[in-house]
Amino acid sequence: MNYQRNRLRHQVLPVIKSENEQSFAHFQQLSEQIQELDGWLSQQQKNWFAQNVQTGFEELTIDLDWYARVSPFERKYFLKEVVRFAQVTWQLVISKKQLDKMMTLLDQQGKPQWQIDLVEGWHFSRRYGELHLKKNQTKSIKQQARTIALGQSFF
């Protein structure tokens, strides 16, 4: 009885079965329905992504006109697919807190532009009708001394 699994099996499950002999069969049906819905949702997420996201080298762009027209449920699971894509493609980990903050900012009508910094130079930025996930490009300026003659130019 030291383990939760054993306590459930010996104390909770017998009580449930005594209330309803068919409870285990109902649990099995519920489990199957959840698996079917999970498969459907996974495919739907991929469809939403394919239709509403443009990808490039270390960046993606989301059409926010579509995003604004769909339900909060669809928005949430669409963005979860964006996060999954970023993790698989770029090994970018986006925390639940960062995702929640982004969803809150997207739902606010008064902020057409903003940016959320992530890790390793990555950020989400909203620019009016688009949401971008991209990595900052570091530009290095090579400094060197040059001597030029009178009348000579250098760029």
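- With rounding to the nearest 0.5 Å, the separation of NZ in K135 from CG in L92 is 9.0 Å.
- For Y77, the ring-ring contact (aromatic ring centres under 6.0 Å, His included) criterion is met by F73, not counting sequence neighbours.
- Interatomic distance, CD of Q29 versus CZ of F24, reported as 14.0 Å (0.5 Å rounding).
- For the salt bridge (Lys or Arg N to Asp or Glu O under 4.0 Å) test, no residue two or more places apart in sequence or in another chain qualifies with D63.
- Side-chain atoms of E74 come within 3.5 Å of backbone atoms of S71 as a donor-acceptor pair (strictly under, hydrogens ignored).
- With sequence neighbours left out, Q28 forms a side chain to side chain donor-acceptor pair (under 3.5 Å) with E32.
- L106 places none of its side-chain heavy atoms less than 4.5 Å from the side chain of F124.
- Within the structure, side chain to side chain donor-acceptor pair (under 3.5 Å) contacts touching residues 121-131 (residues at least two apart or in different chains) are Q113-Y128, H123-N136, E130-H132.
- Judged as a salt bridge (charged side-chain N to carboxylate O under 4.0 Å, His left out), the pairs with a partner in residues 90-100 (not counting sequence neighbours) are, in order, K96-D100.
- Under the 4.5 Å side-chain heavy-atom criterion for grouping Ile, Leu, Val, Met, Phe, Trp and Tyr, V93 is not connected to F85 through any hydrophobic cluster.
- When all heavy atoms of L99 and I94 are compared, the pair lying nearest together is N-CG2, 4.3 Å.
- Qualifying side-chain contact (heavy atoms from CB on, under 4.5 Å) partners for Q91, counting only residues two or more places apart in sequence or in other chains: none.
- Put simply, W40 and V70 are part of the same group of oily side chains (I, L, V, M, F, W, Y) that touch within less than 4.5 Å, one to the next.
- Annotation: side chain to side chain donor-acceptor pair (under 3.5 Å) contacts of R7 (sequence neighbours excluded): none.
- Annotation for I34: hydrophobic cluster partners, listed by chain and number, are L30 (ILVMFWY side-chain heavy atoms under 4.5 Å, direct or chained).
- Considering CG of L13 and OG of S18, their distance stands at 11.0 Å, rounded to 0.5 Å.
- Between H10 and P14 the shortest side-chain heavy-atom distance does not fall below 4.5 Å.
- With sequence neighbours excluded, the residues that form a side-chain contact (heavy atoms from CB on, under 4.5 Å) with V12 are L8, I16.
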Hey, can you pull the donor-acceptor pairs under 3.5 Å for the side chains in residues 47-55, sequence neighbours left out?
unit_1, atom_1, unit_2, atom_2, d
N47, OD1, Q43, NE2, 3.2
N52, ND2, W48, O, 3.0

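- Interatomic distance, CH2 of W90 versus CG of L133, reported as 5.5 Å (0.5 Å rounding).
- With sequence neighbours left out, the salt bridge (Lys or Arg N to Asp or Glu O under 4.0 Å) criterion links D107 to R75.
- Residue T89 holds its OG1 atom at 11.0 Å from CD of E58, rounded to the nearest 0.5 Å.
- Between Q22 and N20 the shortest heavy-atom distance is N-OD1, 2.8 Å.
- Within the structure, salt bridge (charged side-chain N to carboxylate O under 4.0 Å, His left out) pairs that include any residue of residues 80-89 comprise E81-R84 (at least two apart or interchain).
- The structure places CH2 of W114 at 9.0 Å from NZ of K101, a figure rounded to the nearest 0.5 Å.
- Pairing each heavy atom of L79 with each of M103, the nearest pair is CD1-CG, 3.4 Å.
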